[in-house]
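First comes the structure, then the notes that go with it.
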Amino acid sequence: LIQFISLLTFVVLLNVKIFETRIIIFDILLQNNVINYFFVTFCLAILINGSNFIDGINSLLISYVLIIFLLILFYLENYIGNADTIINLTYVITVILIFNLFGVIILGDSGSYLLSLFLGLNLIELANSDILISPYFIILLLWYPCFELLFSIIRKFNFGNSPLDPDTNHLHQLIFFLISKKYKLKKIISNNLASLILLTYNFAIFYLAYKNISHSQLQIILFILSIIIYCFVYLKLLNWKKNQ
């Protein structure tokens, strides 16, 4: 509740709004400032908490954000947002990533919240500044942390657990467990390999999406495909873990 109120205050003071979703009825509702502010706050809350979830292994979140920042800087030439700020932050998190790979520096909750909040704000600005960019492209860029949060809540409810209770059954942790258990690798190597697997998949999806950045239908297909693959892989890994 405190987090949501803080975010809402932040959104209202900065007048952060989402202009278009390409769903006519919903876009009409978003013309109301109150509804728009609450919707933006809801989206940011999902993003920052989901980002904190995927930060369960080193280098995953920071590399995920770095990929999106680089995509913005080097491929989206029409972006008119805070390019200098993103460039400077990219340098900073690249240095942090080097230490993060070896577990010397970690983002922690505050780092995850701050980094993902800045990412969300800039992607909203990016979507608002260029009508050629499908809003579903922006959604696709953030699908993984957001779905991780939703899936975790549903999963915990399904097993009769509180969604507030932590566990070690997130997708990245299952991949880490498989690598470390099956191949007997050191923790730091298993950690970085698990992160690399997830980042490689997401980079491939992002690249396909960028090549058709205005094509909403393709973005939606890639989004649904990612969710299906996530669920399939998750169930396979969870079953494998239970049999160990």
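Here the structure is a predicted model, which is why all the values come from computation and not from measurement.
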Output the distance between atom CD1 (I227) and atom CZ (F147), rounded to the nearest 0.5 Å.
5.0 Å

Can you give me the closest heavy-atom contact between K17 and I124, atom names plus distance?
O-CG2, 3.4 Å

So how far is it from F118 CZ to L123 CG, rounded to the nearest 0.5 Å?
10.0 Å

Set out, in order, the CA-CA distance, both residues' side-chain angles and the distance that settles side chain to side chain contact (heavy atoms under 4.5 Å, CB included) for Y144 and S226, then state yes or no.
CA-CA 8 Å; Y144 175 43; S226 296; over 6 Å; no

Main-chain N/O of L126 paired to S129 side chain as donor or acceptor, under 3.5 Å:
yes

Verify the neighbour count for atom OH of Y201: are there more than 12 heavy atoms of other residues, nucleotides or ligands below 6.0 Å?
yes

Can you tell me how far apart CG (N32) and CG (N36) are? Round to the nearest 0.5 Å.
8.5 Å

Carefully, step by step, assess S190 and Y183 under the rule side-chain hydrogen bond (donor to acceptor under 3.5 Å, both in side chains).
CA-CA 9 Å; S190 300; Y183 299 103; over 6 Å; no

Applying the 4.5 Å side-chain criterion to the ILVMFWY set and letting contacts propagate, would I205 and L119 be lumped into a single cluster?
yes

Under 6.0 Å from the CZ atom of F4, do we count more than 12 heavy atoms belonging to anything else shown?
yes

Would you say P145 and L149 make side-chain contact, with heavy atoms under 4.5 Å?
no

Aromatic ring pairing H170/H172, orientation class (parallel under 30°, perpendicular over 60°, tilted between):
parallel

When you check the side-chain N and O atoms of Y234 and N169, is any donor under 3.5 Å from an acceptor?
no

Determine whether a donor-acceptor pair (N or O, by modelled atom type, separation under 3.5 Å) exists between the side chain of N212 and the backbone of H215.
no

N191 side-chain N/O to K187 backbone N/O, donor-acceptor pair under 3.5 Å
no

Check against side-chain hydrogen bond (donor to acceptor under 3.5 Å, both in side chains), E148 and Y230
CA-CA 9 Å; E148 179 69 44; Y230 178 105; 2.7 Å; yes

Give a yes or no on whether F177 and L171 share a hydrophobic cluster (residues Ile, Leu, Val, Met, Phe, Trp, Tyr; joining criterion: side-chain heavy atoms under 4.5 Å apart).
yes

Do I224 and L141 belong to the same hydrophobic cluster, where Ile, Leu, Val, Met, Phe, Trp and Tyr are linked whenever their side-chain heavy atoms lie under 4.5 Å apart, directly or via other members?
yes

Report yes or no: does Q244 contribute a side-chain atom to a donor-acceptor pair with the main-chain N or O of W240 at less than 3.5 Å?
yes

Just do the side-chain hydrogen bond (donor to acceptor under 3.5 Å, both in side chains) check on Q3 and N49 with the steps written out, would you?
CA-CA 10 Å; Q3 183 191 84; N49 285 285; 2.7 Å; yes

So the side chain to side chain donor-acceptor pair (under 3.5 Å) pairs with at least one residue in residues 94-117 (sequence neighbours excluded) are N52-D109, D55-S112

Could you give all pairs that pass the ring-ring contact (aromatic ring centres under 6.0 Å, His included) test and reach residues 5-35, with sequence neighbours left out?
F26-F39

V40 reachable from I28 in the ILVMFWY side-chain graph, under 4.5 Å edges:
no

Within a reach of under 6.0 Å around CD1 of I25, are more than 12 heavy atoms found that belong to other residues, nucleotides or ligands?
no

Considering non-hydrogen atoms only, spot the tightest contact between S134 and Q219 and give its length.
OG-CG, 4.1 Å

Test side chain to side chain contact (heavy atoms under 4.5 Å, CB included) applied to W143 and N202, step by step:
CA-CA 9 Å; W143 85 271; N202 278 293; 2.8 Å; yes

Separation between CG (L199) and CD1 (I67), nearest 0.5 Å, reads 5.0 Å

Just so I know, are the side chains of N33 and N15 near enough to count as touching, which here means a heavy-atom distance under 4.5 Å?
no

For F137 and F206, which heavy atoms make the closest approach, and how far apart are they?
CE1-O, 4.3 Å

I106 atom CD1, over 12 foreign heavy atoms within 6.0 Å
no

dist I23:CD1 -> L29:CG (nearest 0.5 Å) comes out at 10.5 Å

What are the two closest non-hydrogen atoms of S162 and K156, and how far apart are they?
O-CD, 3.6 Å

In terms of side-chain heavy atoms, does S59 have a donor or acceptor partner in S195 at a distance below 3.5 Å?
yes

Between L7 and L44, which heavy-atom pair has the shortest distance, and what is it?
CD1-C, 4.2 Å

S6 and I2: side chain to side chain contact (heavy atoms under 4.5 Å, CB included), yes or no, with the steps?
CA-CA 6 Å; S6 300; I2 293 174; 4.1 Å; yes

Y37-I46 co-clustered via ILVMFWY side chain contacts under 4.5 Å:
no

What is the distance from atom CZ of F176 to atom CG of N192, rounded to the nearest 0.5 Å?
10.0 Å

In the structure I gave you, are the side-chain heavy atoms of D27 and I24 within less than 4.5 Å of one another anywhere?
no

Note, N161 side chain near D167 side chain (heavy atom, < 4.5 Å):
no

Residues L140 and Y64: closest non-hydrogen pair is O-OH, 4.5 Å

For the pair Y136 (side chain) and T21 (backbone), establish whether a donor and an acceptor sit closer than 3.5 Å, ignoring hydrogens and angles.
yes

With a 4.5 Å limit on heavy-atom distance, are the side chains of L115 and I93 in contact?
yes

Go through L101 and N58 one step at a time and tell me if the side chain to side chain contact (heavy atoms under 4.5 Å, CB included) criterion holds.
CA-CA 6 Å; L101 287 169; N58 294 337; over 6 Å; no

